[in-house]
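These notes concern the structure reproduced below.
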Amino acid sequence: MQNPTPFTGTPGKVIALHLNYPSRIAQRGRVPEQPSYFLKPGTSVSASGTPIERPAGTELLAFEGEIALIIGRSIRRVSPEEGWAAVSGITAANDFGVYDLRYADKGSNLKSKGGDGFTPLGPTVIDAADIQADALRVRTWVNGDLVQNDTTAQLVFPFGRLVADLSQLMTLEPGDVILTGTPAGSSVVRPGDVVEVEVDAPTAPGAPSTGRLVTPVVAGTIAMAEYGADPKIDDLQRAEAWGSAEAAGVATPTAPATILTDELKAKINSVGTATLSSQLRKRGLNNVSIDGLQSTRPTARLVGLARTLRFIPNREDLFISHGGGYNAQKRAFDSLRPDDVLVIEARGETGTGTVGDILALRAQVNGAAGLVTDGGVRDVAAVTALEMPTYFANAHPAVLGRKHVPWDTDLTIACGGAAVQPGDVIVGDADGIVVIPPHLIAEVVTDAIEQEREETFIAEMVAAGEGVDGLYPLNAKWKARYLEWLK
């Protein structure tokens with residue numbers, strides 16, 4: 001392996017990826033289905049030792065230690081395997097940004113991340129020829145303290161895929177640089193701080209390293225002109241710049257409003273799924289039950305809002321591209337929140353597991369209301385031991401790749417013969433599971449409560465010896481007696 005060479009030159013294009021490391025995704029709470037990018041100008045590139053200026057009047061200058069890929073030859077429409085082969089070198093990068101100007105960019109990041117010196121690169125380049133793409137490490141220090149430390153072993157979007165994806169629409173040329181995302185630990189720095197980033201391959205022969213990319217932070221002295229966007233921040237930007245609300249010293253953002261208020265959940269839990277199904281049938285909805293499943297906790301009630309995950313039939317090449325790393329299945333489980341019910345489309349395929357004890361535990365720790373799959377469950381004893389109910393077709397010991405590829409999330413799916421959309425209300429008990437469109441839930445529950453009151457009255461009358469003719473359902477005579485009974 002060749003010794004690292006100094007990084008020199010100005011790239012024709014600097015392309016940066018938004019999210020890639022699972023640790024950063026967990027911080028952001030946003031799970032990307034596909035890679036997304038932004039451009040940084042070549043004038044933002046600087047060398048190791050060059051100070052970065054925090055613009056006058058701004059507060060939130062944040063660092064992001066990253067691995068930079070250097071394209072070695074001109075490519076267009078290449079495969080992921082060809083994409084990684086087109087990378088000639090690897091170096092350290094720092095994707096600086098000023099969150100005070102983020103609002104002005106509308107997602108482009110041009111003003112917030114495109115300033116002079118906002119993309120330090122170097123100091124040296126590792127030859128990519130003998131490096132495994134999933135065996136790299138990136139570390140960042142601020143004033144000598146290690147603040148970022150992660151590897152490429154579990155990236156959501158492997159490097160070859162990024163290069164291939166970008167090459168579908170644009171020619172990548174020698175010297176172009178791709179910034180591949182930052183792990184957790186990115187935060188705010190101030191004038192006087194020194195940020196260092198190093199990329200290495202600790203398990204490769206010779207453990208090659210880029211050396212430390214050093215960037216001192218200095219204070220800008222020239223105020224921003226009035227004919228452009230002024231710096232502007234709020235608690236959300238402070239929390240994202242610092243990495244968390246706690247680190248920023250601001251209030252934790254409140255969770256999004258949900259239709260499942262405590263009052264509504266109590267009403268839903270007061271009626272059975274059979275009654276809810278009856279009310280849906282009265283409204284012309286006959287295909288709203290998820291059929292053929294059993295519950296790990298048949299006496300437990302399930303009430304929540306649908307999140308969805310779709311598996312497609314296994315195909316070996318597709319499992320290679322979508323089954324490994326931080327795939328759709330892992331992203332779905334990691335992103336669950338209180339009141340969520342993850343509904344999984346497994347096509348009724350019972351010859352393999354679709355969830356096991358670790359992912360089920362992750363769902364419970366996140367506060368999810370439950371899991372529903374029309375496929376198998378692995379580690380069924382451990383999943384049954386959880387407090388959270390899981391509805392499933394059968395137990396099966398096989399791993400996911402035997403029959404399925406985890407494909408995508410939060411879209412309309414089919415599960416147990418029912419169509420399920422994200423946000424549908426899922427209600428389950430010992431009788432089964434019903435899917436209720438969210439815009440109908442309030443009226444359906446109100447009418448279900450009234451139906452069960454009537455049925456309580458009818459049951460009392462039958463127990464007293466009355467016949468069911470005219471009583472079930474209530475005719476006018478019995479309706480009058482029912483109204484008196486209510487009083």
Side-chain angles (χ1 to χ4, degrees), residues 4-18 20 35-55 58 61-75 86-99 101-102 105 108-128 136 138-142 148 159 162-163 166-167 170-182 186 189 191 193-200 209-220 222:
T5 57
F7 177 85
T8 58
T10 299
K13 294 187 285 293
V14 179
I15 304 169
L17 180 71
H18 283 108
N20 203 2
S36 62
Y37 315 90
F38 57 94
L39 281 168
K40 301 190 77 172
T43 50
S44 71
V45 171
S46 63
S48 182
T50 305
I52 184 173
E53 181 180 291
R54 188 182 76 177
T58 65
L61 174 65
F63 65 87
E64 295 182 7
E66 304 200 13
I67 296 171
L69 309 181
I70 303 170
I71 300 299
R73 57 186 174 85
S74 181
I75 55 172
V87 175
S88 63
I90 299 153
T91 194
N94 202 330
D95 181 19
F96 279 102
V98 179
Y99 280 69
L101 297 173
R102 209 173 177 201
D105 278 334
S108 74
N109 287 344
L110 181 60
K111 292 198 71 171
S112 61
K113 289 197 168 196
D116 289 353
F118 275 44
T119 315
L121 295 173
T124 65
V125 178
I126 300 173
D127 188 343
L136 290 163
V138 58
R139 291 178 292 173
T140 305
W141 294 261
V142 176
Q148 290 185 295
F159 292 159
L162 297 178
V163 177
L166 288 165
S167 77
M170 68 182 76
T171 299
L172 296 177
E173 299 171 319
D176 284 349
V177 168
I178 301 173
L179 308 185
T180 57
T182 195
S186 164
V189 286
D193 290 338
V194 177
V195 187
E196 300 172 274
V197 182
E198 180 181 6
V199 173
D200 65 350
S209 167
T210 63
R212 292 199 184 184
L213 171 67
V214 180
T215 308
V217 182
V218 300
I222 300 175

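Computed from a predicted structure; not experimentally measured.
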With no hydrogens and no angle check, do the side chains of Ser112 and Asp105 hold a donor and an acceptor under 3.5 Å apart?
-> yes

Counterpart residues, side-chain contact (heavy atoms from CB on, under 4.5 Å), relative to Thr58 (two or more places apart) = Arg54, Pro55, Val98, Asp100, Pro231

With side-chain contact (heavy atoms from CB on, under 4.5 Å) as the test, would you mind laying out the steps for His18 and Asn109 before giving the verdict?
-> CA-CA 10 Å; His18 283 108; Asn109 287 344; 3.8 Å; yes

Worked check of side-chain contact (heavy atoms from CB on, under 4.5 Å) between Val87 and Phe159 | CA-CA 9 Å; Val87 175; Phe159 292 159; 5.9 Å; no

Ignoring hydrogens and geometry, is there a side-chain-to-backbone donor-acceptor pair from Thr180 to Ala68 under 3.5 Å?
-> no

Output, in order, the C-alpha distance, side-chain angles, deciding distance and verdict of side-chain contact (heavy atoms from CB on, under 4.5 Å) for Thr119 and Val177.
-> CA-CA 11 Å; Thr119 315; Val177 168; over 6 Å; no

Using 30° and 60° as the class limits, which term best fits the ring planes of Phe96 and Phe118: parallel, tilted or perpendicular?
-> perpendicular

Determine whether Leu213 and Pro123 make a side-chain contact, defined as any pair of heavy atoms from C-beta on separated by less than 4.5 Å.
-> yes

Which heavy-atom pair separates Ser186 from Ala62 by the least distance, and what is that distance?
-> OG-CB, 4.5 Å

Close side-chain approach of Lys13 to Leu172, heavy-atom, < 4.5 Å | yes

Do Ile15 and Met170 touch side chain to side chain, with heavy atoms closer than 4.5 Å?
-> yes

Glu198 backbone acceptor or donor facing Thr210 side chain under 3.5 Å | no

Stepwise side-chain contact (heavy atoms from CB on, under 4.5 Å) check, Glu64 with Thr140 | CA-CA 8 Å; Glu64 295 182 7; Thr140 305; over 6 Å; no

Heavy-atom check, side chain of Pro41 versus side chain of Leu110, under 4.5 Å = yes

